[in-house]
Asker: 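Okay, handing you the structure first.
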Amino acid sequence: MTLEQLKYPIGKTIIPKEISKRNIEEWISVLEKFPQELEFLIKNLSENQLDTPYRENGWTIRQVIHHCYDSHHNSYTRFKWALTEEEPVIKAYFEERWAELSDSKSAPIFLSIDALKTLHAKWVYLLKNVSDKDLAKKFIHPSNDKKTSLKENICIYAWHCNHHFAHIEQLLIRKGWKV
């Protein structure tokens, strides 16, 4: 596999020009199922396996799992800001630095798996109960002043779930660890 294929096993995010109700329902379904599917994927891995990078110079499985929680927690907060403020400028964070902190490099993965289950349950509940008007609300990313609607961000995070799941799953297949 090429480095690009290892980095983006499902390709880069593609946000449809026209986002349908069906798109949103499908993306919410991904968010709803992700924590349990991730837990099932990694539940039988050893500590050594969890500390294996998914690619050369990449994060370990453990770091990917903790990153998912960190990223999704930030995204959930961004949704709340956009729903309660007028086009807020969100707080960016350095994900690569967060991945180097001790909780990302060595904490038990079930801290983030359990947190993802709770976070996603609450996030999905919120998303299933917002109006189309609310889904059109936007936040602004400070790094490029880009406005992102909540419906676009649902797409981005459904992709993010599938993206990191694929990182782990493909490593397990390459190593012969997937049963």
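All figures in this text were calculated on a predicted structure; none of them were measured in a lab.
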Asker: In chain order, what residues pass the side chain to side chain donor-acceptor pair (under 3.5 Å) check against Thr77, with sequence neighbours excluded?
Answerer: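 Listed in chain order: nothing, the list is empty.
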Asker: Given side chains that start at C-beta, do those of Ile154 and Leu135 come closer than 4.5 Å, heavy atoms only?
Answerer: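 Touching, per the 4.5 Å side-chain cut-off.
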Asker: Return the minimal non-hydrogen interatomic distance between His164 and Cys68, and the atom names on each side.
Answerer: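 In terms of heavy atoms, the two residues are closest at CB-SG, 3.7 Å.
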Asker: Looking at OG of Ser112 and NE2 of His73, how far apart are the two atoms once the value is rounded to the nearest 0.5 Å?
Answerer: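 These two atoms lie 11.0 Å from each other.
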Asker: Which residues pass the side chain to side chain donor-acceptor pair (under 3.5 Å) test with Ser104, sequence neighbours left out?
Answerer: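 Per chain and number, Ser104 pairs via side chain to side chain donor-acceptor pair (under 3.5 Å) with no residue.
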Asker: Can you list the residues that meet the side chain to side chain donor-acceptor pair (under 3.5 Å) rule with Thr2, with sequence neighbours excluded?
Answerer: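 Scan of Thr2 (side chain to side chain donor-acceptor pair (under 3.5 Å), adjacent residues dropped) gives Gln5.
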Asker: How long is the span from the CG atom in Leu119 to the CG atom in Asp114, to the nearest 0.5 Å?
Answerer: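 Interatomic distance, Leu119 CG to Asp114 CG, rounded to 0.5 Å: 12.5 Å.
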Asker: Find the distance between CG (Leu83) and OG (Ser131) and round it off to the nearest 0.5 Å.
Answerer: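 If I round to the nearest 0.5 Å, the distance is 8.5 Å.
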Asker: If hydrophobic clusters are built by linking Ile, Leu, Val, Met, Phe, Trp and Tyr wherever their side-chain heavy atoms come under 4.5 Å apart, do Leu126 and Ile19 end up in the same one?
Answerer: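 Both belong to a single hydrophobic cluster.
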Asker: List the residues meeting ring pair (Phe, Tyr, Trp, His ring centres under 6.0 Å) with Phe79, not counting sequence neighbours, and say none if there are none.
Answerer: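 Once residues adjacent in sequence are excluded, the partners of Phe79 under the ring pair (Phe, Tyr, Trp, His ring centres under 6.0 Å) criterion are Trp123.
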Asker: Kindly give the cluster partners of Trp98, where membership spreads through any ILVMFWY side chain lying under 4.5 Å from a current member.
Answerer: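 Listed partners: Tyr93.
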Asker: Once you round to the nearest 0.5 Å, how far does CG of Asn153 lie from NZ of Lys138?
Answerer: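 Rounded to the nearest 0.5 Å, the CG-NZ separation comes out at 12.5 Å.
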Asker: Using the rule that two of Ile, Leu, Val, Met, Phe, Trp, Tyr join whenever any of their side-chain heavy atoms come within less than 4.5 Å, decide whether Phe110 and Leu172 are in one cluster.
Answerer: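 Yes; Leu172 is reachable from Phe110 via cluster members.
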Asker: Could you give the side-chain donor-acceptor pairs of residues 29-38 under 3.5 Å, partners two or more places apart or in another chain?
Answerer:
from	atom 1	to	atom 2	distance (Å)
Ser29	OG	Lys33	NZ	3.4
Glu32	OE1	Lys128	NZ	3.4
Glu32	OE2	Lys128	NZ	3.3

Asker: Inspect the contact between Lys117 and Glu39 and indicate whether a charged nitrogen and a carboxylate oxygen are less than 4.0 angstrom apart.
Answerer: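 Yes, charged N to carboxylate O under 4.0 Å.
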Asker: Tell me, please, which residues at least two apart from His141 pass ring pair (Phe, Tyr, Trp, His ring centres under 6.0 Å).
Answerer: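 Residues passing ring pair (Phe, Tyr, Trp, His ring centres under 6.0 Å) with His141: none at all.
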Asker: Shared ILVMFWY cluster between Ile156 and Val130, side chains joined below 4.5 angstrom?
Answerer: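 Yes, same cluster.
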Asker: Is it the case that over 12 heavy atoms from other parts of the model lie below 6.0 angstrom from the CD1 atom of Ile14?
Answerer: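 No, the 6.0 Å shell around CD1 holds no more than 12 heavy atoms from other groups.
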Asker: Only counting residues at least two apart or in another chain, list the ones meeting side chain to side chain donor-acceptor pair (under 3.5 Å) with Asp51.
Answerer: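 Once residues adjacent in sequence are excluded, the partners of Asp51 under the side chain to side chain donor-acceptor pair (under 3.5 Å) criterion are Arg62.
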Asker: Between atom CZ of Arg55 and atom CZ of Arg174, what is the distance when rounded to the nearest 0.5 Å?
Answerer: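 Reported value, rounded in 0.5 Å steps: 10.5 Å.
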Asker: Apart from Leu101 itself, which Ile, Leu, Val, Met, Phe, Trp or Tyr residues share its cluster (side-chain heavy atoms under 4.5 Å, direct or through members)?
Answerer: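 Taking Ile, Leu, Val, Met, Phe, Trp and Tyr as members, Leu101 stands alone, with no cluster partners.
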Asker: Just checking Tyr157 against His160, ring centres under 6.0 Å apart?
Answerer: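 Centroid distance Tyr157-His160: below 6.0 Å, so yes.
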Asker: Quick one: name the residues clustered hydrophobically with Met1, using the 4.5 Å side-chain heavy-atom rule over I, L, V, M, F, W, Y, and just say none if it's on its own.
Answerer: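 Via sub-4.5 Å side-chain contacts, Met1 links to Leu6.
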Asker: Group every Ile, Leu, Val, Met, Phe, Trp and Tyr by side-chain heavy-atom contacts under 4.5 Å, then state whether Leu150 and Ile140 land in the same group.
Answerer: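 The answer is no; the residues belong to distinct hydrophobic clusters.
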Asker: Taking side chain as C-beta onward, heavy atoms only, is Phe139 less than 4.5 Å from Val89?
Answerer: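 Sidechains of Val89 and Phe139: no contact.
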Asker: Would you check if the side chain of Ser75 reaches a backbone N or O of Ser71 as a donor-acceptor pair within less than 3.5 Å?
Answerer: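 The answer is no, because no donor-acceptor pair under 3.5 Å joins these two groups.
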Asker: Any heavy-atom pair between the side chains of Leu50 and Leu45 that's under 4.5 Å?
Answerer: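 Side chain of Leu45 against side chain of Leu50, heavy atoms only: contact under 4.5 Å found.
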Asker: Report, as yes or no, whether the 6.0 Å neighbourhood of atom CD on Glu56 holds more than 12 heavy atoms from other residues, nucleotides or ligands.
Answerer: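 Check fails, neighbour count at 12 or below.
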Asker: Taking transitive links into account, so neighbours of neighbours count too, which hydrophobic residues share a cluster with Tyr8 at under 4.5 Å side-chain distance?
Answerer: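 Its cluster partners, ordered by chain and number, are Ile10, Trp159.
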Asker: Please check: side-chain N/O of Gln63 versus main-chain N/O of Lys105, any donor-acceptor pairing under 3.5 Å?
Answerer: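 It does not hold such a pair.
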Asker: Would you say Trp177 and Thr52 make side-chain contact, with heavy atoms under 4.5 Å?
Answerer: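 Side chain of Trp177 against side chain of Thr52, heavy atoms only: contact under 4.5 Å found.
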Asker: Test your reading of the model: is there a side-chain donor-acceptor pair from Asn129 to the backbone of Tyr125, 3.5 Å cut-off?
Answerer: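 Present.
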Asker: Nearest 0.5 Å, what's the CG-CD distance between Leu127 and Glu25?
Answerer: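 The distance works out to 12.0 Å.
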Asker: Who pairs with Lys91 by side-chain contact (heavy atoms from CB on, under 4.5 Å), at least two apart in sequence or on another chain?
Answerer: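 For Lys91 the side-chain contact (heavy atoms from CB on, under 4.5 Å) partners, ignoring immediate neighbours, are Trp81.
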Asker: Are Asp70 and Glu95 side-chain neighbours, meaning at least one heavy-atom pair lies under 4.5 Å?
Answerer: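 Not in contact.
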Asker: Are the side chain of Glu152 and the backbone N or O of Ser149 linked by a donor-acceptor pair below 3.5 Å?
Answerer: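 It does hold such a pair.
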Asker: Measuring only between side-chain heavy atoms, which start at C-beta, is His167 closer than 4.5 Å to Leu171?
Answerer: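 Contact flag for His167/Leu171 side chains = no.
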